[in-house]
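Below is one structure, written out as structure tokens, with a few remarks after it.
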Amino acid sequence: MRILVAVATRHGATREIAEQIAATAAITLEETGIAAQVEVLDAGCVTSLAGYDAVVLGSAVYLGHWLDSARRLAREYQAELRRLPVWLFSSGPWGQKTRPGSDPADVSDVLTDTFAREHRLFGGRIERARLHFPERAVVAALRVTDGDYRDWPVIRAWAREIAGHLAVVPAGEERER
């Protein structure tokens, strides 16, 4: 089974989440007897979805929106993504609690474009020293403290959940809508 984990990131924290999802999914599938090749690629570097049996697409969130490369991938490969099992994740803005039913990452168009099974929001990482001036200004205005807000056990559990779904769905099978 071949799985693509495509990711859009500015400072690397979201890519680290993608790498953890890939590693955990591969191990989980192998434990169930399914040989898995899980590849992590920058969303802007994806040139084809041929040969993949599933896709996990993620992006860092800035001012409530995904990065352009992740949105573009969803738009340009819409037909292919709709034929594959797809999961989405967002990283950030920094893991604050939200009201039930609210989502600080506006991914409604990506959900529509891809027929994704699910979208998960994970906390991000704030390191002011790595941010550009406009990003530092927003972080200062919101009074966000530096820190790593990623919940690794929750991220790994979600990756195991994805692998569990893939273990019972034959590779390449068109998913329900």
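Residue numbers count from 1 along this sequence.
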Check whether any side-chain N or O of [X] sits under 3.5 Å from a backbone N or O of [Y] as a donor-acceptor pair, and report yes or no.
X    : Y   : answer
T14  : S59 : no
Y52  : V5  : no
R150 : A13 : yes

Side chain proximity check, L41 to L4, heavy atoms < 4.5 angstrom: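 When only atoms from C-beta onward are counted, L4 and L41 do touch, with a gap below 4.5 Å.
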Side chain proximity check, I21 to W158, heavy atoms < 4.5 angstrom: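 Answer yes - side chains close enough.
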Rounded to the nearest 0.5 Å, what separation is found between the [atom1] atom of [X] and the [atom2] atom of [Y]?
X    : Y    : atom1 : atom2 : value
L67  : L73  : CG    : CG    : 12.5 Å
Q37  : E30  : CD    : CD    : 10.5 Å
I17  : R156 : CD1   : CZ    : 11.5 Å
H165 : R160 : NE2   : CZ    : 13.0 Å
D109 : R75  : CG    : CZ    : 8.0 Å

Using the test salt bridge (charged side-chain N to carboxylate O under 4.0 Å, His left out), find all partners of [X] that sit at least two apart in sequence or belong to another chain.
X    : answer
R120 : E118, E161
E39  : R2
D42  : R15

Worked check of side-chain contact (heavy atoms from CB on, under 4.5 Å) between W66 and V61: CA-CA 5 Å; W66 268 23; V61 175; 4.1 Å; yes
Test side-chain contact (heavy atoms from CB on, under 4.5 Å) applied to V55 and W87, step by step: CA-CA 7 Å; V55 175; W87 287 266; over 6 Å; no
Could you report the tightest heavy-atom contact between [X] and [Y], atom names first, then the distance?
X    : Y   : value
G44  : S69 : N-CB, 3.9 Å
A43  : A6  : CA-CB, 4.3 Å
A163 : A25 : CB-O, 3.9 Å
A22  : V40 : CB-CG2, 3.5 Å
H119 : S90 : NE2-OG, 2.6 Å
L81  : V86 : O-CG2, 3.4 Å

Hey, quick one: are [X] and [Y] part of the same hydrophobic cluster, counting side-chain heavy atoms closer than 4.5 Å, chains of contacts allowed?
X    : Y    : answer
W152 : V7   : yes
L57  : L49  : yes
L84  : L111 : yes

NZ or CZ of R82 within 45° of F115 ring axis and under 6.0 Å: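 Relative to the ring axis of F115, which defines the angle, R82 lies inside both limits.
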Stepwise side-chain contact (heavy atoms from CB on, under 4.5 Å) test for L29 and I3: CA-CA 11 Å; L29 285 166; I3 303 165; 3.5 Å; yes
